[in-house]
Amino acid sequence: MLLQKPPFRYETRQAIDELAKELNLPNEPHMQDWMWEVANPLDVDKYVQHYLSLTDEDKKFALMEIIIQAVEDQEKTVEFSNYWGVVEPILKENFSLHEWSIWYWSFFETDDLANCWLIAPFMREVWYSANGFFDKSSIG
C-alpha cells in the first residue's frame, strides 16, 4: 500500500499576526519560516495552554507548528518524552486539522530515521494509527 500525501496547508498571515500579539512573539517581515523561528523549547507549556483555548483552526494550525518545533528542540530526552506525551493526543484528536503537519514531520522521504528529525518516528506512528496501518512493512 502506498502512502498518500495529504493536501498542502500553510499558515495564514492573520493567524501569524494574531498569535504573535497573543503570545508576545517576534513577527518581522523578513521571517520566512515564522512558526519554526519563534518556537522556544522553554515555552511548550505556554503554547499548549494557548492552543487549548483557541477555536480558530488557522491559529491552531500555525500554533501546532510552533509546538512541534519546540518539542523537537528539547535538549533532554526526558523533556522530549514528557512534551510528546502531551502533544500526541492533541494531534490524534485533531488529526484532520494537522494532517499536513503530521505528514511533513514524519519525513517519509527516507527510511533512515538517523537522518530525520527526532520527532519523525513519533509522527509516523500518529500517521499510521490514524490511517489504519498496522503492518508498516507493507507500506511502500
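Values below: every heavy atom of this structure, side chains too, minus hydrogens, waters and symmetry copies.
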Please determine whether the number of non-hydrogen atoms from other residues, nucleotides or ligands lying under 6.0 Å from atom CG of N24 exceeds 12.
no
Distance (rounded to the nearest 0.5 Å) between E88 CD and S81 OG
11.0 Å
Determine, using the 4.5 Å side-chain heavy-atom cutoff (strictly less than), whether F8 and L3 are members of one ILVMFWY cluster.
yes
Pairing of D58 and R13 as salt bridge, 4.0 angstrom limit:
no
Are W34 and L19 packed together at the side-chain level, in the sense that at least one heavy-atom pair is separated by less than 4.5 angstrom?
yes
Going by heavy atoms in the side chains, are E22 and L54 under 4.5 Å from each other?
yes
Heavy-atom pair with the smallest gap, counting every atom of W84 and P89:
O-CD, 4.3 Å
Take M31 and V38 through the test side chain to side chain contact (heavy atoms under 4.5 Å, CB included) and record every step on the way to the result.
CA-CA 9 Å; M31 298 175 86; V38 300; 3.5 Å; yes
For residues 68-80, which side-chain N or O atoms pair as donor and acceptor with protein atoms under 3.5 Å away, sequence neighbours left out?
{"residue": "Q69", "atom": "NE2", "partner": "D73", "partner atom": "OD1", "Å": "3.0"}
{"residue": "Q69", "atom": "NE2", "partner": "D73", "partner atom": "OD2", "Å": "3.2"}
{"residue": "E72", "atom": "OE1", "partner": "L118", "partner atom": "N", "Å": "3.2"}
{"residue": "E72", "atom": "OE1", "partner": "I119", "partner atom": "N", "Å": "2.9"}
{"residue": "E72", "atom": "OE2", "partner": "L118", "partner atom": "N", "Å": "3.0"}
{"residue": "Q74", "atom": "NE2", "partner": "P41", "partner atom": "O", "Å": "2.7"}
{"residue": "Q74", "atom": "NE2", "partner": "A70", "partner atom": "O", "Å": "2.9"}

Could you please spell out the steps behind the side chain to side chain contact (heavy atoms under 4.5 Å, CB included) verdict for V126 and W105?
CA-CA 11 Å; V126 172; W105 286 95; over 6 Å; no
Among all residues two or more places apart in sequence or in another chain, which pass the side-chain hydrogen bond (donor to acceptor under 3.5 Å, both in side chains) test with E57?
none
Nearest heavy-atom approach of W127 to Q4 is CZ2-O, 3.5 Å
Is there a donor-acceptor pair under 3.5 Å between the side chain of W103 and the backbone N or O of M123?
no
Validation row: F95, S129 side chains within 4.5 angstrom (heavy atoms):
no
Would you sort out whether I67 and M64 count as a side chain to side chain contact (heavy atoms under 4.5 Å, CB included), showing the intermediate values?
CA-CA 5 Å; I67 293 169; M64 182 53 72; 4.1 Å; yes
Could you report the tightest heavy-atom contact between F61 and H98, atom names first, then the distance?
CA-CE1, 3.7 Å
Do the side chains of L113 and Y128 join up, straight or via other hydrophobic residues, at under 4.5 Å, putting them in one cluster?
no
E109, CD: over 12 other non-hydrogen atoms inside 6.0 angstrom:
yes
Which atom names give the shortest non-hydrogen contact between E11 and A62, and what distance separates them?
CB-CB, 3.9 Å
Within the distance-only criterion (no hydrogens, no angle test), does the side chain of S106 pair as donor or acceptor with the backbone N or O of F108 below 3.5 angstrom?
no
Let me confirm one number: the NE2-NZ distance from H50 to K59, rounded to the nearest 0.5 Å.
5.5 Å
Set out, in order, the CA-CA distance, both residues' side-chain angles and the distance that settles side chain to side chain contact (heavy atoms under 4.5 Å, CB included) for Y83 and V48, then state yes or no.
CA-CA 10 Å; Y83 287 129; V48 169; over 6 Å; no
Are L52 and L23 grouped together when hydrophobic residues (ILVMFWY) are joined by side-chain heavy atoms under 4.5 angstrom apart?
yes
So do N94 and Y51 actually touch side chain to side chain, heavy atoms under 4.5 Å?
yes
How long is the span from the CG atom in L42 to the OH atom in Y47, to the nearest 0.5 Å?
8.5 Å
Can you see which heavy atom on Y104 is nearest to which on W117, and at what distance?
O-CZ3, 3.3 Å
Within this structure, what is the CD1-CD distance for the pair I66 and E37, rounded to the nearest 0.5 Å?
11.0 Å
Tell me whether D43 contacts the main-chain N or O of K46 through its side chain, where contact means a donor paired with an acceptor under 3.5 Å.
no
Nearest heavy-atom neighbours spanning K60 and L97:
CB-CD2, 3.8 Å
